[in-house]
A.B. asks: 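Pasting a structure here, questions to come.
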Amino acid sequence: LVGGHLVVAAPDDIELVATWRTTPVAAQVARRAELHRLDLCDETAVVSLVHAVRAEVVVHTAYSMGSRDDIVAATAAVAAGAAAVGAALV
């Protein structure tokens, strides 16, 4: 949703990585970004991916109307991943 719109609108000279858990990624996003299925509540997996892609900036747009963990735990894991590599977090 929001993240997908950001991917599509990003300048062509930026390397993009996008994650998804349950909602399939739109075709225009898949054409533009390297995709990884990821549970953002799994801090170990998040840190591993951020290290693997050598992220400089992490933009966290995930949310859920049904689970507090999808907001709190996922945000904490994303923040930890960004901090682990010194990436900016938006």
Side-chain angles (χ1 to χ4, degrees):
L1 296 168
V2 172
H5 289 289
L6 291 172
V7 167
V8 172
D12 289 336
D13 61 340
I14 296 176
E15 293 181 36
L16 301 170
V17 176
T19 63
W20 64 283
R21 183 180 64 175
T22 57
T23 304
V25 176
Q28 66 267 34
V29 174
R31 284 191 297 272
R32 182 66 182 89
E34 175 184 325
L35 302 178
H36 295 269
R37 188 167 191 178
L38 182 67
D39 179 354
L40 294 179
C41 293
D42 181 346
E43 185 173 324
T44 301
V46 173
V47 171
S48 178
L49 178 61
V50 173
H51 271 287
V53 301
R54 298 180 176 169
E56 295 176 15
V57 177
V58 176
V59 180
H60 176 43
T61 63
Y63 71 95
S64 172
M65 297 290 287
S67 171
R68 183 177 188 273
D69 274 350
D70 284 342
I71 302 297
V72 178
T75 300
V78 171
V85 298
L89 176 61
V90 178

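Sequential numbering from 1 along the given sequence is applied to the chain's residues. Worth saying up front: this structure is predicted, and the values here are computed from it rather than measured.
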A.B. asks: Please check if the side chain of R37 supplies one atom and the backbone of R21 the other of a donor-acceptor pair under 3.5 Å.
C.D. replies: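 Between the backbone of R21 and the side chain of R37 there is a qualifying donor-acceptor contact (under 3.5 Å).
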A.B. asks: List the atom of A82, the atom of V58, and the distance in Å for their closest heavy-atom pair.
C.D. replies: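 In terms of heavy atoms, the two residues are closest at CB-CG2, 4.1 Å.
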A.B. asks: Is the number of heavy atoms from other residues, nucleotides or ligands within 6.0 Å of CD (Q28) greater than 12?
C.D. replies: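 Enclosed.
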A.B. asks: Is it the case that one hydrophobic cluster holds both L16 and V25, taking links as side-chain heavy atoms less than 4.5 Å apart, direct or via other members?
C.D. replies: yes
A.B. asks: Could you see if V46 belongs to whatever hydrophobic cluster contains L89? Use Ile, Leu, Val, Met, Phe, Trp, Tyr and a side-chain cutoff under 4.5 Å.
C.D. replies: yes
A.B. asks: Using the rule that Ile, Leu, Val, Met, Phe, Trp and Tyr join whenever any side-chain heavy atoms are under 4.5 Å apart, tell me whether L35 and V8 fall into a single cluster.
C.D. replies: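 Yes; V8 is reachable from L35 via cluster members.
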A.B. asks: On a heavy-atom basis, which atom in A74 and which in C41 lie closest, and how many Å separate them?
C.D. replies: N-SG, 4.0 Å
A.B. asks: Out of curiosity, does V78 fall in the hydrophobic cluster containing Y63 (side-chain heavy atoms, cut-off under 4.5 Å, transitive links)?
C.D. replies: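 Result: no, two separate clusters.
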A.B. asks: Can you tell me how far the CZ atom of R54 sits from the CG atom of L49, to the nearest 0.5 Å?
C.D. replies: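 Answer for the CZ-CG pair, R54 versus L49, is 13.0 Å.
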A.B. asks: Starting from L38, can I reach V59 by hopping between I/L/V/M/F/W/Y residues whose side chains sit under 4.5 Å apart?
C.D. replies: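 No, V59 does not connect to L38 through the hydrophobic network.
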A.B. asks: If I compare all heavy atoms of A87 with all of A55, which pair ends up nearest, and what's the gap?
C.D. replies: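 Nearest heavy atoms, A87 then A55: CB-O, 3.5 Å.
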A.B. asks: Might you point out which heavy atoms bring G81 and V47 nearest each other, and give the distance in Å?
C.D. replies: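 Smallest interatomic distance, heavy atoms only, reads CA-CG2, 3.7 Å.
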A.B. asks: Distance check, rounded to the nearest 0.5 Å: T44 atom OG1 versus D39 atom CG?
C.D. replies: 11.0 Å
A.B. asks: How long is the gap from CZ on R32 to CG on L6, to the nearest 0.5 Å?
C.D. replies: 11.5 Å
A.B. asks: So, do H5 and T61 sit near enough that their side-chain heavy atoms are less than 4.5 Å apart?
C.D. replies: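 H5 does not reach T61 side chain to side chain.
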